[in-house]
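One structure is given below, encoded as structure tokens.
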Protein chains: 2
Amino acid sequence: MRTLSPIEQEERKRRLLQAVIHQFIKTGKPVGSAFIAGGRALDLSPATIRNVMGELEREGYLTHPHTSAGRVPTDKAYRFYVDSLVDLQRLAIKEEERIRQEHESKIREIEELMQSTSKTLSVLSNYTGFVTAPGIDQSRLQHMELIPLDERRLLAVMVSDTGVVKHRQVIFDGRYPRELLEPLERTLNERLRGHPFSRVRESLLDHIEAIHKRQMDMLEFARHVTEEAFAPGDVGEIYLEGTGNILSLPEFSGQDDLRQLVHLLDERRALGDLIREDLDLPGSAVRFPAVRVKIGAENRSPDLKNVSLISSCYTIGNRQVGVLGIIGPKRMEYSRMMNLVNQMAQAVTSALNRMVGGPNE
Amino acid sequence: MRTLSPIEQEERKRRLLQAVIHQFIKTGKPVGSAFIAGGRALDLSPATIRNVMGELEREGYLTHPHTSAGRVPTDKAYRFYVDSLVDLQRLAIKEEERIRQEHESKIREIEELMQSTSKTLSVLSNYTGFVTAPGIDQSRLQHMELIPLDERRLLAVMVSDTGVVKHRQVIFDGRYPRELLEPLERTLNERLRGHPFSRVRESLLDHIEAIHKRQMDMLEFARHVTEEAFAPGDVGEIYLEGTGNILSLPEFSGQDDLRQLVHLLDERRALGDLIREDLDLPGSAVRFPAVRVKIGAENRSPDLKNVSLISSCYTIGNRQVGVLGIIGPKRMEYSRMMNLVNQMAQAVTSALNRMVGGPNE
DNA sequence: ATTAGCACTCAAGCCATTCGAGTGCTAAAA
DNA sequence: TTTTAGCACTCGAATGGCTTGAGTGCTAAT
């Protein structure tokens, strides 16, 4: 038998690990040495394979559920697997068409876009799809309008350059000066257009004294409207679809973890925060422009320790305004899913930019 | 032994049935004859109780999971139980306070109200709580505003008398006549105020010819805006909370039914339709003003065949504008839950009327 | 009409057993 | 020196028998 160089040995180990992971992803059952030997990836006897598997186990890539079961990949193994994916381009072309067809139609409003996107992600992946709506924090005020409701309340409607419309009631203790409505509206629009939402309130309140010293009424009026209309509070919504798909996964029949997970999915707010956290962080996977993969314990929340999360950002101009992706079991077809998420991110980006009138940074 | 009159017999049977149901609701386990005999509801031997139980089974009120297990109530039994509930007033007082506290705070916008309501329902019941937002169909247009976005698009913002704000983009193939914006806005507001949303579109399109014969531009402009802004399509939202609670119920460990159920809860749209269907139907339970109880198969959807649904309407003026309630297992504490739902319906009604400025029919 | 008594049923829990998939080690083969 | 065959061993899962006990239904006595 020819002696192998250390490098060849390493290579062989890698291939073996990949084979194990691949197989486990397909079947979800622990992989035994005999099976791998039967395949044509490696031409070795089960015994040898066992030896190598033993090494891989000592290095932390595989585990045993119990003494005499096959090997199961650890998070570390998945990490390795994802990092070394190369066969993406081939899949990309075939699937691209399908994604477009599923998604392209009848999208005119942001909300439709979001819904359609999470739905598409869920249907094509068979897992849970999510999108965070363009956060108000990432966008700038384009226009605002004040609509009188009655003598004590008015409605502030704010349109952002990302196409999101927000409205909020402004309630006064007494009557508000109706005749000042229009001047205020004009002033606000002049002053605030193009300001990022996140800072509009502070900057305006700071400078408000300068607006119209001559009229105390106006001052107080403006202050109250600004304060209320731009009160911080709501982060963008999150659209989730296919929560139920998680239930069908065999690995979650042990109910305890499942319950926690479903609970998290139920608490949309918490999940949204969790996902948004990633928005500006650099991705862990490098191959794709901006597709990120978080495996099990790599996720911040312990409730996500049994799943993987594949996500990507979509942009307006070149601002990242939202995140989309899927939540699935650790053993998923990463390459296909990463491609899917990537495609969707591009699709949403382009749809969005078309909607708000092209990249106008 | 004294002979019982047929009427006394019936009465005894009723009491027995109630005892069985009550017990089953408490424990969730089949109830045996011995247990009932041990309690102080009836002073009979297990044997007699078995006989009566046998009758009740033949009449369809009880079943056997298998030959030698205790009895389990059928849907029909629950129906009987719910219809004969009388001990509600007592509970009402104690719990009222708790509900108010949980719910009363910081509610100013409709959306907050909805969220807080479904949350409260879920927390207090430990099941799944839901509210349908005031449907646009039940409400009337109070005011609308047209906000220019760019030269091809404008935003129609519509405020209903139920306090709901809706907005929609109106897109034109070419430019729209900007100078007609204000006149159109004025006309629309004059013509449409107070019209029910459900008919605003048709009635306006019918009469549109009469508006401004003199100006073709205006005509076309108005037609397009109306058509788009009031296009039918979205029914009110549904707020769901506590979906996860369903998972914790022991009766749903048999996963198959569960999966269907979770799937339904996931499809908010479908669920919303289902719930709204009931809006105008007369209730089955008579004791409460408008608390309805649907048990298992009484529900329209087969996915709900293993749960019960307790709901009530909330109103503005005296229009029923939305539904709220809880979804729980068949064996729930109906009296407490019906009370809860009833309280919440009243709370929401009063909050809502306060918000839109009192019942102004 | 009620009840005590008894035979019967059936699910559930509890072994003990078997089976087989898979391992780890050792010694032989290449 | 590396690979492989062989073998003993381990452990989970499936199987089947056995027991237990809760609960019934019937019959005969009260």
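Every heavy atom of this structure was used, including side-chain atoms; hydrogens, water molecules and symmetry mates were not. Keep in mind that this is a model prediction, so the values were computed, not measured. Convention: sequence-line order gives letters A, B, ...; per-chain numbering from 1.
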Tell me whether R58(B) is salt-bridged to E55(B), with the criterion being a basic N under 4.0 Å from an acidic carboxylate O.
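E55(B) and R58(B): not salt-bridged.
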
R79(B) and D83(B) ion-paired at < 4.0 Å
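Judged by the 4.0 Å cut-off on N to carboxylate O distance, R79(B) and D83(B) do form a salt bridge.
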
Starting from [atom2] on [N], measure out to [atom1] on [X] and report it in whole angstrom.
| X | N | atom1 | atom2 | result |
| --- | --- | --- | --- | --- |
| L44(A) | dT1(D) | CG | C1' | 15 Å |
| Q23(A) | dG22(C) | CD | P | 11 Å |
| L16(B) | dA1(C) | CG | P | 17 Å |
| Q9(B) | dA1(C) | CD | C1' | 8 Å |
| N51(A) | dG22(C) | CG | P | 17 Å |
| E55(B) | dA1(C) | CD | P | 11 Å |
| F35(A) | dT23(C) | CZ | C1' | 18 Å |
| R71(A) | dA21(C) | CZ | P | 17 Å |

Just by distance, do the side chain of N299(B) and the backbone of G296(B) share a donor-acceptor pair under 3.5 Å?
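Looks like yes, one N/O pair under 3.5 Å.
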
Once base and sugar-phosphate atoms are separated, protein heavy atoms under 4.0 Å mark nucleotides 4-18 of chain C, 5' to 3', with B, S and - as BB---BBS-------

With a 4.0 Å cutoff (strictly under), does any side-chain N or O of R12(A) reach OP1 or OP2 of dT2(D)?
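The answer is no; no side-chain N or O of R12(A) sits under 4.0 Å from OP1 or OP2.
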
Side chains of S122(A) and T128(A) in contact at under 4.5 Å (non-hydrogen atoms)
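No, side chains not in contact.
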
Please set out all donor-acceptor pairs under 3.5 angstrom arising from side-chain atoms of residues 60-73 of chain A, sequence neighbours excluded.
residue, atom, partner, partner atom, Å
H66(A), ND1, S68(A), N, 3.4
R71(A), NE, E57(A), OE1, 2.8
R71(A), NH2, E57(A), OE1, 3.0

Under the salt bridge (Lys or Arg N to Asp or Glu O under 4.0 Å) test, residues paired with R268(A) that sit two or more places apart
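Here no residue qualifies.
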
